Amino acid sequence: MSVAATLSSVPLFSHLREGDIEQLSRAAHERSYPKGSVILFENDPGDALYVVLSGQVKVVLIAEDGREVILSIRSEGDFFGEMSLIDDEPRSAHVIAMEDSKLLVLRREDFNRSLREMPQIAAGLLRSMCKRLRQADNKIGSLVLLDVPGRVARLLLEMADENDGECITQRLTHHMIAQMIGSSRETVSRTMRDLVAQEIIEVTRRTITIQNRRDPTPDAAKPGRNMIEVSRRVILIRNREALETSAGIG
Ligand code: CMP
C-alpha cells in the first residue's frame, strides 16, 4: 500500500484532504525496528515524529537502578515523539519496541511545515494531548488514592474499554501490569489470581482477528485488509461492576 493510503488510515491524519496527505507522504518514510530496540532515548534531542504502522512500542522511564515505569503502550495508528518537536526540549522518555514494529517517520522540518499548512493536524494533536493528560490525571489519582487491587482493576477497565469493554486482547503480562501501576510482579500475580477466583475476570485463549504483519504484500498495513485469525491469551471482564467498585468508579 502507498504511504499516502497508510497515512489516511492514521487517526491524526484521517481528516486531511487528499492533496495534503500526498504532500505528507512525500515527506514521510518507513522504518522497521526489531523487538527490544530503543527507538528514542530520554534526554536526546528530538528530530522526528513517529507513527506506529504495525507492532507495539512502550513509552518508559528508566531509573538508575534499572527499574522501569511504563507510561504508555502505543500501537497501530498511534503517534509519539511530538513533544520535543513542539517545545524544543529533549525527549521526555525512552520509547522501546515491544514487538517487531514498523514506523512512519516524519522529520522535524516536515512536521513543522505540516502544522503550519494543515491546521487540522494541530487540532488532532491537541485532542490527543488532552486525552493523554486525562489518562495521566487518572493515573496520578490511582497512584495516590487506590491500593494495588484498585489500580489493577482500573487498568483492566481502561484496557478493555480500548476494545469492546469486555475483553483485553492486547499482550499484557503481570510484569507489564506491575510496571504500569507501580507495583511488583508478585503482588500483581496475587491480585490477578484473586480476581479469577472471584470470577471477576477470566483468563482464556480466544481466536481473534488481527492484521497480518508478516504479509509481504504492500496492502498489509491497511486496516481491514490482510486480516488473519490467531489464537491469543485474552482477559475477559466477567463482573464489570465489581471491578468498578474496586477501582473507585461509580
Ligand atoms: P517526546 O518527548 O518527543 O519523546 C518521548 C515521547 O513519548 C513523547 O514525545 C511522547 O510522544 C511520548 N510520551 C511521553 N509521555 C507520555 C505519556 N504519559 N503517555 C503517552 N505518551 C507519552
Side-chain angles (χ1 to χ4, degrees), residues 7 10-14 24 27-31 33 35-63 67-99 101-116 121-146 151 154-163 168 170-172 176-183:
L7 276 175
V10 171
L12 180 63
F13 305 124
S14 58
L24 257 185
H29 62 277
E30 208 176 294
R31 212 182 277 167
Y33 290 86
K35 179 177 175 176
S37 56
V38 182
I39 301 159
L40 298 183
F41 286 90
E42 184 180 352
N43 291 325
D44 270 5
D47 55 3
L49 169 88
Y50 297 78
V51 178
V52 182
L53 296 181
S54 67
Q56 233 178 17
V57 305
K58 58 182 177 181
V59 179
V60 292
L61 298 177
I62 304 179
R67 277 181 307 154
E68 244 184 47
V69 181
I70 300 182
L71 297 176
S72 180
I73 293 176
R74 317 261 78 203
S75 33
E76 272 161 44
D78 292 334
F79 64 88
F80 60 88
E82 77 295 347
M83 287 170 60
S84 294
L85 303 190
I86 293 171
D87 67 6
D88 277 328
E89 294 287 329
R91 295 294 191 193
S92 58
H94 298 273
V95 181
I96 300 174
M98 299 171 76
E99 300 171 4
S101 301
K102 259 195 204 149
L103 307 178
L104 207 60
V105 187
L106 191 63
R107 287 174 312 148
R108 172 188 280 274
E109 311 81 75
D110 298 312
F111 171 76
N112 285 339
R113 183 160 25 85
S114 308
L115 269 188
R116 279 194 306 275
I121 297 184
L125 265 176
L126 281 174
R127 263 195 306 277
S128 298
M129 295 181 87
C130 286
K131 183 173 173 194
R132 195 186 299 160
L133 186 55
R134 285 175 190 278
Q135 288 166 342
D137 288 350
N138 270 335
K139 188 170 257 179
I140 294 167
S142 299
L143 288 173
V144 175
L145 302 172
L146 297 177
R151 288 183 227 163
R154 189 172 284 196
L155 180 71
L156 295 178
L157 287 167
E158 278 168 9
M159 294 195 72
D161 287 342
E162 284 173 22
N163 301 325
I168 297 169
Q170 301 95 311
R171 205 176 79 83
L172 188 64
M176 280 163 69
I177 296 177
Q179 289 180 327
M180 289 165 92
I181 63 162
S183 181

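Nothing here was measured: the structure is a model prediction, and the numbers come from that model. Remember, it's 1-based here, ligands and their atoms both numbered in the order they're listed.
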May I have a table of the N/O to N/O pairs between ligand 1 and the protein that fall below 3.5 Å, each row giving the two atom names and the distance to 0.1 Å?
from     : atom 1 : to     : atom 2 : distance (Å)
ligand 1 : 2 (O)  : Ser92  : N      : 2.8
ligand 1 : 2 (O)  : Ser92  : OG     : 2.7
ligand 1 : 3 (O)  : Gly81  : O      : 3.4
ligand 1 : 3 (O)  : Ser84  : N      : 2.9
ligand 1 : 3 (O)  : Ser84  : OG     : 2.9
ligand 1 : 3 (O)  : Arg91  : NH1    : 2.6
ligand 1 : 9 (O)  : Met83  : N      : 3.4
ligand 1 : 11 (O) : Gly81  : N      : 2.7
ligand 1 : 11 (O) : Glu82  : OE1    : 2.7
ligand 1 : 11 (O) : Glu82  : OE2    : 3.4
ligand 1 : 21 (N) : Arg132 : NE     : 3.4

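Residues that satisfy the side chain to side chain donor-acceptor pair (under 3.5 Å) test with Arg113, not counting sequence neighbours, are Asp110. Contacts of Arg67 classified as side chain to side chain donor-acceptor pair (under 3.5 Å), with partners at least two apart in sequence or in another chain: Asp65.
In this pair, Tyr50 and Tyr33 present their aromatic rings perpendicular. The plane angle is above 60°, beyond the 30 to 60° band.
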Enumerate, atom names and distances included, each donor-acceptor pair closer than 3.5 Å involving a side-chain atom of residues 35-42, sequence neighbours excluded.
from  : atom 1 : to    : atom 2 : distance (Å)
Ser37 : OG     : Pro34 : O      : 2.7

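The distance from atom CG of Leu85 to atom CD of Glu82, rounded to the nearest 0.5 Å, is 7.5 Å.
Residues Arg116 and Ser114 bring no donor and acceptor atom of their side chains to less than 3.5 Å of each other.
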